[in-house]
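Data block below; observations after.
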Amino acid sequence: MRACLRDRRLGRNFRHVGSADEFEAAEPLDPRWQPFWGTERWSLLWLEPPEHTRIRKLVAAAFTPRSVEALREPCAELARELLPVGRFDLLRDFAQPYSIAVICRLLGVPTDRGRDLLDWSHAMVKMYELDTTEAQAEAATAAAAEFRDYVVSLIEERRREPRDDLVTRLVEARVEGERLSDAQIVSTIIVLLNAGHEATVNTLGNGILALLHHRDEWERLLTGEVDPAAAIEELIRWDPPLQLFERWVLEDGVEIAGQPVRRGAKVALLFGAANRDPRVFDDPDALDAGRPNAAEHIGFGGGIHVCIGAPLARIELAAALGALVERVPGLSLVEEPRRNRAFVIWGLEGLSVET
Ligand code: HEM
């Protein structure tokens, strides 16, 4: 899997090396969903070098380790503040508002727009699934248009009045004399929000469910034997929130695990399977909150598309798990949750718990 992620002959996009006819599985983009694909045009997730290299450098110049580190304390405070007690839905009543509050803090978006961000993001990520319906595509397109208009107004505001936030830093970022265009900033903000919050929410849902099913592992957190930051790595390994990413085969002569794959084919990389690879992890199906090499999981990807938000996700998730351990040690499951009906963005419909 790592070799595939690093192989430059496998790409997220083929347009820089060939036409859609050569890449048979590529469906033509439906013009009705143009506003959606327009906002995705400059998303790092779809770009390949040299565009990817240029945009990623500029985004990295704005989304710096320092700006992420500055969120450590706010994350811990928000997690403690937003954690309910009694009977509640861990996703709806904690993970979602928390993750949106963190992303709003990062971007410098007022939290009263949090609900809109959440609705837009939910509608838009349906386009990444394998079986998107027409109604979902329509909703995603409407959401993308609203989201774009909102971000454009935010960019204008920050240009007039710079602040200490990511939108301002993206507006001001310069690398070797280059800067991001407004369309590139819009795509970047949308991908940071969508890629960021859905995965963190589902890590908490999948992860807390795993711990409640494996009470001994939860106990290891309560006694302090295992640190929340270490447990997060194992939770991402054991039940990752993103299951599948695709790559196009851009050149002839590619072999994957000894199997030839022709140019133009599309390869599905199954992250959940790679995370249970017995050649990397001893007893891979066991949940071991203190697993020494858990951080070798593939959950954040690898190669040039490796998750740019991983340092933030780690801080944010460890703070949330830390708050749960400290504040609600008696947390228990009210009923078995149901899986959401998505595959790529892998999570639960809800997680009813009580403290
Ligand atoms: C547990 C949480 C997260 C997981 C498991 C995760 C996972 C991933 C993975 C697997 C990729 C690579 C996709 C590929 O190879 O095609 C990726 C890319 C990305 N992630 Fe994350 N992510 C998480 C949180 C975040 C957060 C919090 C942010 C931002 C605030 C973020 C922003 C991004 C972006 C912008 C990319 C595209 C990078 C590129 O293509 O150069 N992610 N993420």
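Just follow the structure's listing: the first ligand is 1, and inside any ligand the first atom is 1. Values in this document were obtained by computation on a predicted structure and should not be read as measured data. For the numbers below, each heavy atom of this structure counts, side chains included, while hydrogens, waters and symmetry mates do not.
Ligand 1 places these atoms under 4.0 Å from at least one heavy atom of R12: 14 (C), 16 (O). Counting the atoms of ligand 1 from 1 in the order shown, those under 4.0 Å from a heavy atom of G301 are 10 (C). Annotation for ligand 1: atoms under 4.0 Å from non-hydrogen atoms of L45 are 13 (C), 37 (C), 40 (O). Annotation for ligand 1: atoms under 4.0 Å from non-hydrogen atoms of A313 are 2 (C), 24 (C). Close contacts between ligand 1 and F271 involve ligand atoms 10 (C) [criterion: under 4.0 Å to a heavy atom]. Taking every heavy atom of I304 and a limit of under 4.0 angstrom, the matching atoms of ligand 1 come to 41 (O). Of all atoms in ligand 1, listed by their number and element, those nearer than 4.0 Å to a heavy atom of T203 are 1 (C). Within the listing of ligand 1, atoms 39 (C), 40 (O), 41 (O) sit less than 4.0 angstrom from a heavy atom of H52.
Residue L47 places no heavy atom under 4.0 Å from ligand 1. Residue contacts with ligand 1: N202 is excluded, as none of its non-hydrogen atoms falls under 4.0 Å. Taking a 4.0 Å cut-off on heavy atoms, P241 registers as neighbouring ligand 1. Ligand 1 lies nowhere less than 4.0 angstrom from a heavy atom belonging to W46.
In this structure, F94 has its ring center no closer than 6.0 Å to that of F88.
Note that CD of E48 is 6.5 Å distant from CG of L250, once rounded to the nearest 0.5 Å.
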Fill in: side-chain contact (heavy atoms from CB on, under 4.5 Å) assessment of I308 paired with F63
CA-CA 8 Å; I308 201 168; F63 194 23; 4.2 Å; yes
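Other residues, nucleotides and ligands place more than 12 heavy atoms under 6.0 Å from the CG atom of D285. By the neighbour-count criterion of 12 heavy atoms within 6.0 Å, atom CD of E161 is sparsely surrounded, having that number or fewer from other residues, nucleotides or ligands.
If you look at F245 next to ligand 1, the close heavy atoms, those under 4.0 Å, all belong to the side chain. Here L242 has side-chain heavy atoms under 4.0 Å from ligand 1, and that is the only part of it that gets that close. At a heavy-atom cutoff of 4.0 Å, ligand 1 is contacted by no atom of L193, backbone or side chain.
The nearest non-hydrogen atom to atom 14 (C) of ligand 1, considering only R314, H197, R247, R56, comes from R247. Among C307, G302, G299, the residue whose heavy atom lies nearest to atom 10 (C) of ligand 1 is G299.
Nearest protein heavy-atom neighbour of atom 35 (C) of ligand 1: I308 CG2, 3.5 Å. Looking from atom 33 (C) of ligand 1 to the surrounding protein, the closest heavy atom is A195 CB, 3.8 Å. In terms of protein heavy-atom proximity, atom 26 (C) of ligand 1 is closest to G196 CA, 3.2 Å.
No single ILVMFWY cluster, assembled from side-chain heavy atoms under 4.5 Å apart, contains both I304 and L58.
In this structure a side-chain-to-backbone donor-acceptor pair under 3.5 Å is missing from W42 to L47. In this structure a side-chain-to-backbone donor-acceptor pair under 3.5 Å is present from R12 to L45.
With salt bridges taken as basic N to acidic carboxylate O contacts below 4.0 Å, one links R220 and D288.
Side-chain atoms of E234 and H297 form no donor-acceptor pair, as typed in the model, at a separation below 3.5 Å. Residues H214 and E219 bring no donor and acceptor atom of their side chains to less than 3.5 Å of each other. With 3.5 Å as the limit, one finds a donor-acceptor pair spanning the side chains of D239 and W346.
Considering both main-chain and side-chain atoms, L44 comes within under 3.5 Å of ligand 1 through a nitrogen or oxygen pair. Between H305 and ligand 1, an N or O atom pair is found at a separation short of 3.5 Å.
At least one cation-pi condition fails for R115 and W120: the charged atom is not both under 6.0 angstrom from the six-membered ring centre and inside a 45 degree cone around its axis.
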